[in-house]
Number of protein chains: 2
Amino acid sequence: MKRSFVEEIHQLHAELCQALADPKRILMLYALAKGPTPVGDLAEQLGIRQSNASQHLAVLRDRGLVTAERSGTTVFYQLRYPAVLQALDLLRGVLRERLEENQGHVNRLMEIAR
Amino acid sequence: MKRSFVEEIHQLHAELCQALADPKRILMLYALAKGPTPVGDLAEQLGIRQSNASQHLAVLRDRGLVTAERSGTTVFYQLRYPAVLQALDLLRGVLRERLEENQGHVNRLMEIAR
DNA sequence: CGCGTATATTCGTACTGTTGAATATAAATG
DNA sequence: CATTTATATTCAACAGTACGAATATACGCG
């Protein structure tokens, strides 16, 4: 399939967003904000299997959002662009606004939360 | 399935990102930045079918990113949170950085683009 | 009410993404 | 070189998403 340059850019833009479109990957990125972290630590922090952590990290690596550096047998992942966290924070702000406007939804969450 | 309050927030955060994870929806949001726009206009600008435009707008509506207002038979969609565009701009900046670092990839795009 | 226009929804299909289990690789260590 | 530890990859099942075509709804108008 042929695609224009502009279309390709929008595709990549969307793929970047897609990398953020999973709760576990969001948690990973915020965790990485505190510094380079081994895969095992991330898996433990998120309460997920090691293979699953590797899979999510592979997505973030593919999209260029993190880099991996080996030290002995352990691999430290590192956040590459702090701006990604800024973007996530902006969206979190939007979410907060939305929930505040929409009382019913907040209440539903409260129900679930207790 | 039981989910904690915090987990639910991250789920919603991810769903917000997911709403942005499609080239056509990104284009729609940028188009809406210029002001309220009827569905038909959006479909035409993006070169997609009307039903497809409605489907994508439904996603944006579900995530609370746009509102719809009827005027006669036409429905005007409106951007609700400008911060969403800021977030998209940040990510576009990240994309630009990434492409500049990675010359090979840029060149591949150039190949495709010509 | 019947018709036209604008938008929404439903449906089938093809594609993509997420997961755990199992297996593979890579490095350190004895 | 065999073993252990940390990470990566593959696989199969399942869930979710995107699309066009067809159909439904909603409004205005005569």
Side-chain angles (χ1 to χ4, degrees), chain A residues 1-3 7-8 10-29 31-32 36-78, chain B residues 1-3 7-8 10-29 31-32 36-78:
Chain A
M1 144 177 290
K2 208 86 145 302
R3 217 198 296 258
E7 280 169 338
E8 187 75 12
H10 284 120
Q11 178 64 38
L12 292 171
H13 199 172
E15 284 172 10
L16 220 51
C17 294
Q18 183 128 324
L20 311 179
D22 183 282
K24 293 167 189 171
R25 288 199 291 269
I26 292 178
L27 284 168
M28 277 181 167
L29 290 169
L32 290 177
T37 316
V39 178
D41 288 18
L42 289 171
E44 192 183 5
Q45 284 179 45
L46 303 199
I48 62 181
R49 317 250 158 200
Q50 171 267 322
S51 68
N52 196 7
S54 271
Q55 287 161 345
H56 282 301
L57 287 166
V59 173
L60 296 175
R61 230 188 315 117
D62 283 348
R63 311 303 210 264
L65 297 186
V66 300
T67 53
E69 195 173 342
R70 194 154 208 139
S71 166
T73 74
T74 98
V75 176
F76 286 81
Y77 276 82
Q78 190 163 2
Chain B
M1 153 181 308
K2 207 81 145 308
R3 218 199 295 258
E7 280 169 339
E8 186 74 12
H10 284 119
Q11 178 63 38
L12 291 171
H13 199 172
E15 285 173 9
L16 220 51
C17 294
Q18 185 135 347
L20 310 179
D22 183 283
K24 292 169 188 168
R25 289 199 290 268
I26 291 178
L27 284 167
M28 277 181 168
L29 290 169
L32 289 176
T37 316
V39 178
D41 289 18
L42 289 171
E44 192 182 4
Q45 283 179 46
L46 304 200
I48 62 180
R49 318 251 158 198
Q50 170 266 321
S51 67
N52 196 9
S54 271
Q55 287 162 346
H56 282 301
L57 287 166
V59 172
L60 296 175
R61 230 188 314 118
D62 282 349
R63 310 303 209 265
L65 297 185
V66 300
T67 53
E69 196 173 342
R70 192 152 211 142
S71 167
T73 74
T74 99
V75 176
F76 286 81
Y77 276 81
Q78 190 163 2

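These values consider heavy atoms only, across backbone and side chains, with no hydrogens, waters or symmetry-generated copies. Letters A, B, ... are given to chains in the order of the sequence lines, protein chains preceding strands, and every chain is numbered from 1. Given the structure is predicted, the values throughout are model-derived calculations rather than measurements.
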Problem set entry | Residue-phosphate contact under 4.0 Å: A/T74 side-chain N/O, D/dA6 OP1/OP2 | no

Exercise. Between the base of C/dA8 and the side chain of B/Q50, is there a donor-acceptor distance below 3.5 Å?
Worked result: yes

Exercise. Rounded to whole angstroms, how far apart are CG on B/D22 and P on C/dG17?
Worked result: 12 Å

Exercise. When you look at A/L42 and A/H56, which way does the side chain to side chain contact (heavy atoms under 4.5 Å, CB included) test go after all the steps?
Worked result: CA-CA 11 Å; A/L42 289 171; A/H56 282 301; over 6 Å; no

Exercise. Taking only N and O in the side chain of A/T73, is any of them less than 4.0 Å away from OP1 or OP2 of D/dT5?
Worked result: no

Exercise. Over how many whole Å does the gap from B/R25 atom CZ to D/dC19 atom C1' extend?
Worked result: 12 Å

Exercise. Rounding to a whole Å, what distance do you find between B/E69:CD and C/dA6:P?
Worked result: 19 Å

Exercise. Just how far, in rounded Å, is P of C/dG17 from NZ of A/K24?
Worked result: 16 Å

Seminar exercise, completed: Looking only at D/dA8, C/dT18, C/dT7, the nucleotide nearest the A/S54 side chain is D/dA8

Seminar exercise, completed: Out of D/dG20, D/dA26, D/dA8, minimum distance to the side chain of B/N52 belongs to D/dG20

For this session: Between D/dT17, C/dT7, D/dT7, spot the one nearest the side chain of A/P38, thanks.
Result: D/dT7

For this session: Tell me which nucleotide among D/dT17, C/dT7, D/dA21 gets nearest to the side chain of B/S51.
Result: D/dA21

Exercise. Taking only N and O in the side chain of A/Y77, is any of them less than 4.0 Å away from OP1 or OP2 of D/dA6?
Worked result: no

For this session: Rounded to the nearest angstrom, tell me the gap between atom CD in B/E15 and atom C1' in D/dG16.
Result: 12 Å

Exercise. Once you round it to whole Å, what is the distance between P of D/dG16 and CD of A/Q18?
Worked result: 15 Å

Seminar exercise, completed: So CG of B/D41 and CG of B/L46: to nearest 0.5 Å the spacing works out to 10.5 Å

Exercise. Does A/Q55 make a side-chain N or O approach to OP1 or OP2 of C/dT19 shorter than 4.0 Å?
Worked result: no

Seminar exercise, completed: Among the nucleotides D/dT9, C/dA26, C/dT18, whichever has the atom closest to the side chain of A/R61 is D/dT9

Exercise. To the nearest 0.5 Å, what is the distance between NZ (A/K24) and CD (B/Q11)?
Worked result: 9.5 Å

For this session: Would you indicate, yes or no, if D/dC19 has its OP1 or OP2 atom less than 4.0 angstrom from a side-chain nitrogen or oxygen of B/H56?
Result: yes

Seminar exercise, completed: Rounded to whole Å, CG of B/L20 lies from P of D/dA18 at a distance of 12 Å

Problem set entry | Spacing between A/L42 atom CG and D/dA6 atom C1', to the nearest angstrom | 13 Å

For this session: Would you give the length of the straight line joining atom OG of A/S54 to atom CZ of A/R61, rounded to the nearest 0.5 angstrom?
Result: 7.5 Å

Exercise. Is there a donor-acceptor pair closer than 3.5 Å between any side-chain N or O of B/R25 and the backbone N or O of A/A14?
Worked result: no

Problem set entry | Along DNA chain C (nearest heavy atom to each residue), the more 5'-positioned of A/R49 and A/G72 | A/R49

